[in-house]
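First the structure, in the form of structure tokens, and then the observations on it.
Below, chain A is the first sequence line, B the second, and so on; all start at residue 1. Fair warning: this is a prediction, and the values are worked out from it, not measured in the lab.
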Number of protein chains: 2
Amino acid sequence: MNIGHASKRSGVSTKMIRYYEQTGLIPKAARQDSGYRDYDDADVHRLRFIRRARDLGFTVGQIGALLELWSDRSRASADVKSFALDHIAQLKEKIAEIEAMVRTLETLADHCHGDDRPECPIIEGLADGNGTFSTPGQREPRHFGQPGEHPARRRSDAARRATHQ
Amino acid sequence: MNIGHASKRSGVSTKMIRYYEQTGLIPKAARQDSGYRDYDDADVHRLRFIRRARDLGFTVGQIGALLELWSDRSRASADVKSFALDHIAQLKEKIAEIEAMVRTLETLADHCHGDDRPECPIIEGLADGNGTFSTPGQREPRHFGQPGEHPARRRSDAARRATHQ
DNA sequence: ATGGTGCTTCCAACCATGGGAAGGTCAAGC
DNA sequence: GCTTGACCTTCCCATGGTTGGAAGCACCAT
């Protein structure tokens with residue numbers, strides 16, 4: 001089976017399949033006479049596993065561990081469970097972080113008239129950090145976003161100008 | 001004021017300050033005779049603005065727009081407000097995504113005994129799950145499909161290592 | 001003057017993904 | 001046969017935000 005077919009059947013892009021092979025997450029694929037990579041059902045199965053794990057927010061490093069747990073018939077289900085619970089806790093932390101942002105922004109926005117006058121507590125809050133900011137203590141790694149995901153959305157003129165300049 | 005001092009006073013690392021200058025988010029800094037960058041209070045003020053905006057999850061591009069809105073005394077507060085509301089909606093979307101992951105994982109984990117036996121619905125869900133996981137409606141008897149040989153990536157407690165890396 | 005620290009620039013890495021170029025392979029149609 | 005087009009190969013580049021490091025000056029205190 002060619003890589004394209006394996007890609008369609010697994011939902012993992014060909015780019016990613018090659019990348020996973022290159023980084024050692026999956027073993028080197030067999031090759032056809034032509035030099036094309038050759039996949040079988042077991043490979044597709046593993047790729048689907050990977051895609052589902054990614055959909056659940058696991059990093060590639062974590063997926064490597066999950067693959068090992070998958071293939072290790074002697075490991076206890078408790079090992080898997082604690083791994084999952086760990087990840088759940090991480091995700092919840094992330095949610096809490098973003099919720100804090102939302103709360104702050106909503107507070108600021110609530111106090112903004114949103115009319116044609118220039119006074120704006122939102123900008124002032126950013127500029128002067130007056131009480132409205134319950135400071136998030138530590139400045140931790142940012143990327144709460146799913147990488148590669150840059151949703152095209154409607155933006156104000158100012159935003160468009162700034163990003164497309 | 002040297003960059004190090006400006007960094008301490010603004011909470012933005014020197015690396016980031018140079019990066020922001022390089023990418024045009026902030027204007028090129030003045031220079032001292034020595035060639036060192038020279039900052040004044042207004043610069044620090046702007047850097048703090050940036051840091052707070054980052055803490056609220058705005059991208060650098062969005063911050064550029066916010067800086068414009070900040071310095072534009074004629075803009076209506078409605079402009080800022082819609083910008084903020086837009087961002088809030090975005091953050092909420094992200095929260096919903098992660099919450100969906102959590103829900104799925106919790107469902108899987110709930111069904112896992114978490115004892116020393118190997119049977120584990122979490123791994124099985126990843127291996128044989130129904131694509132979206134959104135509703136854990138189970139189909140199919142599941143059996144333990146092992147992927148092909150797993151090469152030399154033989155690590156005992158890979159799970160612990162992966163979560164701590 | 002010597003050492004330590006701060007500053008400069010440049011270059012690379014992280015993660016996951018996508019884009020694209022330059023070229024090889026294959027199966028179909030004429 | 002030969003062309004076309006879809007597919008595959010490897011290689012390099014870009015993203016976003018940040019950090020790390022190296023090589024080499026500038027500054028300050030002793």
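The side chain of A/K8 lies closest to D/dC7 when the candidates are D/dC7, C/dT17, D/dT19. Distances were taken from every side-chain heavy atom of B/M16 (C-beta onward) to each of C/dG18, C/dT17, D/dT19; the shortest belongs to D/dT19.
Taking atom CD1 on A/I26 and atom P on C/dA16, their separation rounds to 14 Å, with Å as the unit. Here C/dA27 presents its P atom at 10 Å from CD of A/Q32, a figure rounded to the nearest Å. Atom CD1 in B/I63 sits roughly 8 Å away from atom P in D/dT18 (whole-Å rounding). Following rounding to the nearest Å, A/F58 (CZ) and C/dC15 (P) show an atom-to-atom distance of 17 Å. Rounding to whole angstrom units, CD of residue B/E21 and P of C/dC10 are separated by 12 Å. Between the CD1 atom of A/I50 and the P atom of C/dA16 there is a distance of 12 Å, given to the nearest Å. In this structure, A/H5 atom NE2 and C/dC26 atom P are separated by 18 Å, rounded to whole Å. Rounded to an integer number of Å, the gap from A/L25 CG to C/dC15 P is 12 Å.
At least one side-chain heavy atom of A/R75 sits under 4.5 Å from a side-chain heavy atom of B/I123.
By the salt bridge (Lys or Arg N to Asp or Glu O under 4.0 Å) test, B/R37 pairs with B/E21, sequence neighbours left out. Checked against ring pair (Phe, Tyr, Trp, His ring centres under 6.0 Å), A/F49 has the following partners two or more places apart in sequence or in another chain: A/W70.
Summary of helix geometry: the two end axes of the helix from C/dA1-D/dT30 to C/dC30-D/dG1, each defined by five base pairs via their C1' atoms, are inclined to each other by 30° (rounded to 10°).
Among pairs with a residue in residues 3-20 of chain A, those fulfilling salt bridge (Lys or Arg N to Asp or Glu O under 4.0 Å) read A/R9-A/D41, at least two apart in sequence or across chains. Sorted by first and then second residue, the pairs that involve residues 109-118 of chain B and meet side chain to side chain donor-acceptor pair (under 3.5 Å), not counting sequence neighbours, are A/S77-B/D115, B/D115-B/R117.
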Heteroatom pairs (N/O) under 3.5 angstrom, protein to nucleotides 20-25 of chain C:
from: C/dG20; atom 1: O6; to: A/K15; atom 2: NZ; distance (Å): 2.4
from: C/dG24; atom 1: N2; to: A/Y36; atom 2: OH; distance (Å): 2.5
from: C/dT25; atom 1: O4'; to: A/Y36; atom 2: OH; distance (Å): 3.1
from: C/dT25; atom 1: O2; to: A/Y36; atom 2: OH; distance (Å): 3.2

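Between the CG atom of A/L25 and the CD1 atom of A/I17 there is a distance of 11.5 Å, given to the nearest 0.5 Å. Expressed to the nearest 0.5 Å, how far CD1 of B/I95 lies from CE of A/M101 amounts to 9.0 Å.
The shortest distance between the side-chain N/O atoms of A/Y20 and the OP1/OP2 oxygens of C/dT17 is below 4.0 Å. Contact annotation: A/R18 does not reach the phosphate of D/dC8 (side-chain N/O to OP1 or OP2, under 4.0 Å). Proximity of B/R37 to the phosphate of C/dT8: a side-chain N or O atom is located under 4.0 Å from OP1 or OP2.
The backbone N or O of A/A30 lies less than 3.5 Å from no partner atom in the side chain of A/D38, so there is not a single donor-acceptor pair.
A/H5 has its ring centre no less than 6.0 Å from the ring centre of A/Y39.
Within 4.0 Å of A/T14, counting heavy atoms only, lies no atom of the nucleic acid at all.
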